[in-house]
Amino acid sequence: MKKLITSILLLFSITFATECQPKISMSDVEKTASSYVGNITSVKLSKNRSGECYYKVYGEKGYVTIDALNGELLKFTKKREK
């Protein structure tokens with residue numbers, strides 16, 4: 001019984017442990033994002049619940065979300081002025 005539970009947990013963890021494999025280079029992401037956010041402060045590669053990978057690029061003017069497979073700009077959010 002212990003082996004069965006261990007094997008089920010192992011199988012379950014392997015299926016959800018797949019990582020994002022971006023198709024575009026980081027330099028392409030930076031070129032696209034810099035015109036929107038200015039100086040880039042950080043870049044994060046993430047995956048949403050449906051399994052799509054995207055880059056979230058933060059800068060001094062806001063942040064953008066860029067598709068990691070084709071480089072398409074998905075969303076731009078401008079930083080609020082205080």
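Each residue takes its place number in the sequence, starting with 1.
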Which atom pair, heavy atoms only, marks the closest approach of Ile40 to Ala33? CD1-CB, 4.5 Å
Residues 23-32, side-chain donor-acceptor partners within the protein, below 3.5 Å, at least two apart:
residue : atom : partner : partner atom : Å
Ser25   : OG   : Ser27   : OG           : 3.1
Ser25   : OG   : Asp28   : N            : 3.4
Ser25   : OG   : Asp28   : OD2          : 3.2
Thr32   : OG1  : Asp28   : O            : 3.0

Under a single-linkage definition using a 4.5 Å side-chain heavy-atom cutoff for Ile, Leu, Val, Met, Phe, Trp and Tyr, are Leu45 and Val37 assigned to the same hydrophobic cluster? yes
Are Tyr36 and Tyr54 co-members of a hydrophobic cluster defined by side-chain heavy atoms under 4.5 Å apart? no
What donor-acceptor contacts under 3.5 angstrom involve side-chain atoms of residues 66-74, with partners at least two apart or in another chain?
residue : atom : partner : partner atom : Å
Asp67   : OD1  : Leu69   : N            : 3.1
Asn70   : OD1  : Glu72   : N            : 3.0

Measuring from atom NZ of Lys79 to atom CD of Glu60, what distance do you get when rounded to the nearest 0.5 angstrom? 8.0 Å
Which hydrophobic side chains are connected to Tyr63, either touching it within the sub-4.5 Å cutoff or through other members that do? Tyr58
